Novice: 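Okay, handing you the structure first.
Chain naming here is simple, since letters A, B, ... match the order of the sequence lines and numbering starts at 1 in each. Since we're looking at a predicted model, the values are computed, not measured.
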Amino acid sequence: MNREVRVRFAPSPTGALHIGGVRTALYNYLFARKMGGKFLLRIEDTDQTRFVPGAEEYIKEALDWLGIAPDESPWNPGACGPYRQSERKPMYMQYALDLVEKGHAYYAFDTSEELDAMRERLTAARVVSPQYNSITRTQMKNSLTLPEDEVKARLASGEPYVIRIKIPRKEEVRLNDMIRGWVMVHSNTLDDKVLMKSDGMPTYHLANIVDDHLMGITHVIRGEEWLPSAPLHVLLYKYFGWEDTMPQFAHLPLLLKPDGNGKLSKRDADKHGFPVFPMDWTDPNTGDKVIGFREAGYLPDAFLNFLAFLGWNPGDHREIFNLDELVQAFSIERIGKSGTKFDINKAKWYNEQYLRSKSDEELAAYLIADLEKEGLTVSLDKAAQIAAIMKERATFPADLWREGRFMLVAPTQFDEAVSSKKWNQEAVTVLTTYKSKLEVSQEALTAESAKALLEQAASDNEIKFGKVMQAVRLAVTGVGAGPDLMAVFVIIGKDELIKRIAFALDTLHVQS
RNA sequence: GGUCCGUUCGUCUAGGGGUUAGGACGUAUCCCUUUCACGGAUAAAACACGGGUUCGAUUCCCGUACGGACUACCA
């Protein structure tokens with residue numbers, strides 16, 4: 001049987017989409033495209049208590065930003081809708097009841113207090129892992145222990161209940177994970193997980209099996225945190241009689257903290273000052289703010305490239321891949337098994353690579369946008385010129401302006417450390433000469449003519465050109481470092497250049 | 001605690017029974033140069049440990065250690 005590949009990304013709308021989730025979405029997308037299949041988005045909102053307004057929109061916007069929009073989603077439904085589990089609510093009960101009928105599930109009436117009491121009792125009795133299972137269920141209030149009449153009466157009276165899976169006492173459950181190979185667990189370590197909650201909603205375990213089946217999902221690519229419950233899912237496929245079309249599983253390694261141990265979290269972002277979310281987000285309930293890669297200045301292609309390499313590699317030494325190239329090169333077999341520590345330096349490096357590969361005009365658009373925020377305007381042409389000489393030294397688009405502002409705004413003060421060391425009589429002499437040469441020159445200012453004139457000014461005074469360059473730079477830009485000076489001169493223009501030199505000559509004083 | 005998963009330079013990783021264990025980020029040095037960058041070159045830097053199997057193990061097997069995930073009417 002050769003089914004069309006269909007994969008899904010199934011986040012819960014409980015807040016900002018974590019970077020690990022974004023990577024899961026990306027791998028799903030890459031796999032779908034590579035296999036010529038479909039990538040779907042399903043919103044797993046079965047926990048009504050954790051609903052956060054705006055979270056869904058955040059997910060959509062993040063995927064759109066990265067260019068990995070799903071083929072089917074709540075906003076772009078295909079034939080398998082709805083794509084929100086809350087909207088699929090009426091579908092689940094029949095499947096749960098089917099399991100009850102087959103003897104693979106049962107009703108349970110225990111209150112949360114009774115559940116707590118059971119766990120306390122077991123803990124006190126030094127039972128290693130207190131759980132609702134084949135042994136303990138015999139002492140709880142459920143349709144396995146209660147007389148049939150009573151069960152019916154309780155159901156009829158509207159008493160709250162859940163439906164639990166009846167895990168077999170002794171059975172080896174095995175699955176062949178695409179990343180990890182055969183994983184085996186004994187059913188006696190599994191517990192009778194709740195399938196239907198008392199509010200009439202399914203739990204993740206039921207909903208994801210039913211939906212994946214109904215949606216024709218062929219491969220489940222998800223985080224490693226799901227591995228322990230995968231055997232439960234395998235059992236469910238078996239009990240539903242869907243073994244033939246059970247998806248293949250691929251459990252992705254986790255994204256870990258950059259320094260210590262454990263899963264990457266928002267705390268790490270706060271601690272190290274880098275984002276772990278794709279975009280800015282303010283939680284409407286708690287007011288918590290997180291910063292995003294997008295707002296921090298990461299380019300979507302760079303971010304995607306970085307993300308793809310967190311746990312996957314193409315097997316050769318190439319590092320730069322755009323989305324299409326990632327699709328071509330991607331394979332699940334080349335995903336690593338071990339957890340990946342998060343290194344923001346690599347992300348920055350990727351961003352630099354992509355920034356430099358952009359055209360001057362593209363970069364100019366960023367620059368112009370930044371300038372507008374400060375009420376400044378500049379021609380596209382000039383912005384492109386600035387971008388051209390700044391991009392080699394920028395990590396983020398914002399660096400273009402932050403480090404290049406002197407090209408549009410004359411310095412009003414001068415870097416003290418540089419002036420104390422480099423501002424000397426020789427510099428003053430050369431600059432004075434240079435200024436007058438510029439004033440009388442009829443030539444248009446080019447990088448070549450600007451340099452020729454400066455060299456003349458230096459040699460006229462029998463001073464080595466290189467010796468005063470730092471001072472010249474200081475005079476014109478206010479700082480001691482920056483892009484090629486002659487290019488800067490051309491951008492600011494002759495008049496402005498003369499003005500700046502005059503101002504520096506007036507303002508700075510030679511220290512003895 | 002239990003179950004499951006994992007372990008190659010600081011980090012991301014390639015590799016795989018016999019290799020000078022390769023690349024990238026980062027770090028250091030040098031070159032280029034009007035500074036700072038970019039770029040180029042070089043360097044330091046790794047197979048967790050212990051047993052097997054084998055002529056030979058970093059690679060295969062088993063333990064140990066360490067790390068992680070899971071252990072809810074959350075996903």
Novice: Output yes when a side-chain donor or acceptor of A:Asn305 lies under 3.5 Å from a complementary backbone atom of A:Glu319, and no otherwise.
Specialist: yes
Novice: Over all strands shown, is A:Leu254 touching base, sugar-phosphate only, or nothing at heavy-atom distances under 4.0 angstrom?
Specialist: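 Sugar-phosphate only.
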Novice: Quick one: is A:Thr46 getting a side-chain N or O under 4.0 Å of the B:rA75 phosphate, OP1 or OP2?
Specialist: yes
Novice: Does a nitrogen or oxygen in the side chain of A:Lys348 sit under 4.0 Å from OP1 or OP2 of B:rG26?
Specialist: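 A:Lys348 to B:rG26 OP1/OP2: no side-chain N or O under 4.0 Å.
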Novice: Sticking with atom P, work out how far B:rC61 lies from B:rU53, rounded to a whole angstrom.
Specialist: 16 Å
Novice: If B:rU3 has a Watson-Crick or G-U wobble mate with both distances under 3.5 Å, name it; if not, just say none.
Specialist: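 Partner of B:rU3: B:rA69.
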Novice: Does A:Arg174 make a side-chain N or O approach to OP1 or OP2 of B:rC4 shorter than 4.0 Å?
Specialist: no
Novice: Return the 5'-most residue of the pair A:Trp226, A:Val183 with respect to RNA chain B, ranking by each residue's nearest nucleotide.
Specialist: A:Val183
Novice: What is the nucleic acid contact for A:Lys263, judged by heavy atoms within less than 4.0 Å: base, sugar-phosphate only, or nothing?
Specialist: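 Sugar-phosphate, backbone atoms only, no base.
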Novice: Taking atom C1' in both B:rU54 and B:rC60, compute the distance separating them and give it to the nearest angstrom.
Specialist: 10 Å
Novice: So what does A:Ser198 touch, heavy atoms closer than 4.0 Å: a base, only the sugar-phosphate, or nothing?
Specialist: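 Base contact.
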Novice: Base, sugar-phosphate or nothing for A:Arg318? Non-hydrogen atoms, less than 4.0 Å.
Specialist: nothing
Novice: Taking any heavy-atom pair under 4.0 Å as a contact, classify A:Val185: base, sugar-phosphate, or nothing.
Specialist: sugar-phosphate
Novice: Should A:Asn313 be listed as having a side-chain N or O under 4.0 Å from OP1 or OP2 of B:rA14?
Specialist: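 Checking B:rA14 against A:Asn313, a side-chain N or O does come within under 4.0 Å of OP1 or OP2.
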Novice: For A:Asp110, answer base if it contacts any base atom (sugar-phosphate contacts may also be present), sugar-phosphate if it contacts only those atoms, and nothing otherwise; contact means non-hydrogen atoms under 4.0 Å.
Specialist: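 Here A:Asp110 touches the bases of the nucleic acid.
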Novice: Determine which nucleotide pairs with B:rC32, using a 3.5 Å limit on both distances of a Watson-Crick or G-U wobble pair.
Specialist: none
Novice: Can A:Arg154 be said to sit on top of A:Phe109's aromatic six-ring, NZ or CZ under 6.0 Å from centre and within 45° of the ring axis?
Specialist: yes
Novice: Could you let me know what B:rU58 is paired to, Watson-Crick or G-U wobble, both distances under 3.5 Å, or none if it's on its own?
Specialist: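 Pairing partner, where one exists within any strand: none, as none qualifies.
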Novice: Mind checking the C1' distance from B:rA14 to B:rC70? Whole angstroms is fine.
Specialist: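 Rounded to whole Å, the distance is 31 Å.
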Novice: With rounding to whole Å, what would you report as the distance between B:rA48 and B:rA21 at their P atoms?
Specialist: 15 Å
Novice: What's the spacing between A:Tyr298 OH and A:Leu355 CG if we round to 0.5 Å?
Specialist: 12.0 Å
Novice: Rounded to whole angstrom, note down the C1' distance from B:rU3 over to B:rA46.
Specialist: 31 Å
Novice: Using the C1' atoms only, state how far B:rC47 lies from B:rU7, rounded to an integer number of Å.
Specialist: 10 Å
Novice: Are the side chain of A:Arg356 and the backbone of A:Glu392 linked by a donor-acceptor contact shorter than 3.5 Å?
Specialist: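 Side chain of A:Arg356 to backbone of A:Glu392, a donor-acceptor pair under 3.5 Å: yes, one is there.
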Novice: Are any of the side-chain nitrogens in A:Arg8 or A:Asp211 under 4.0 Å away from the carboxylate oxygens of its partner?
Specialist: no
Novice: Checking all strands, does A:Met196 fall into the base, sugar-phosphate, or nothing category for heavy-atom contacts under 4.0 angstrom?
Specialist: nothing
Novice: Starting at the 5' end of RNA chain B, which residue's closest nucleotide do you reach first, A:Asp343 or A:His205?
Specialist: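 Result: A:Asp343.
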Novice: Between A:Tyr132 and A:Arg164, is there a cation-pi geometry (under 6.0 Å to ring centre, at most 45° from the normal)?
Specialist: yes
Novice: Determine the interatomic distance between P on B:rU13 and the same-named atom on B:rC30; round to the nearest Å.
Specialist: 33 Å
Novice: Is any side-chain nitrogen or oxygen of A:Ser338 closer than 4.0 Å to OP1 or OP2 of B:rG67?
Specialist: no
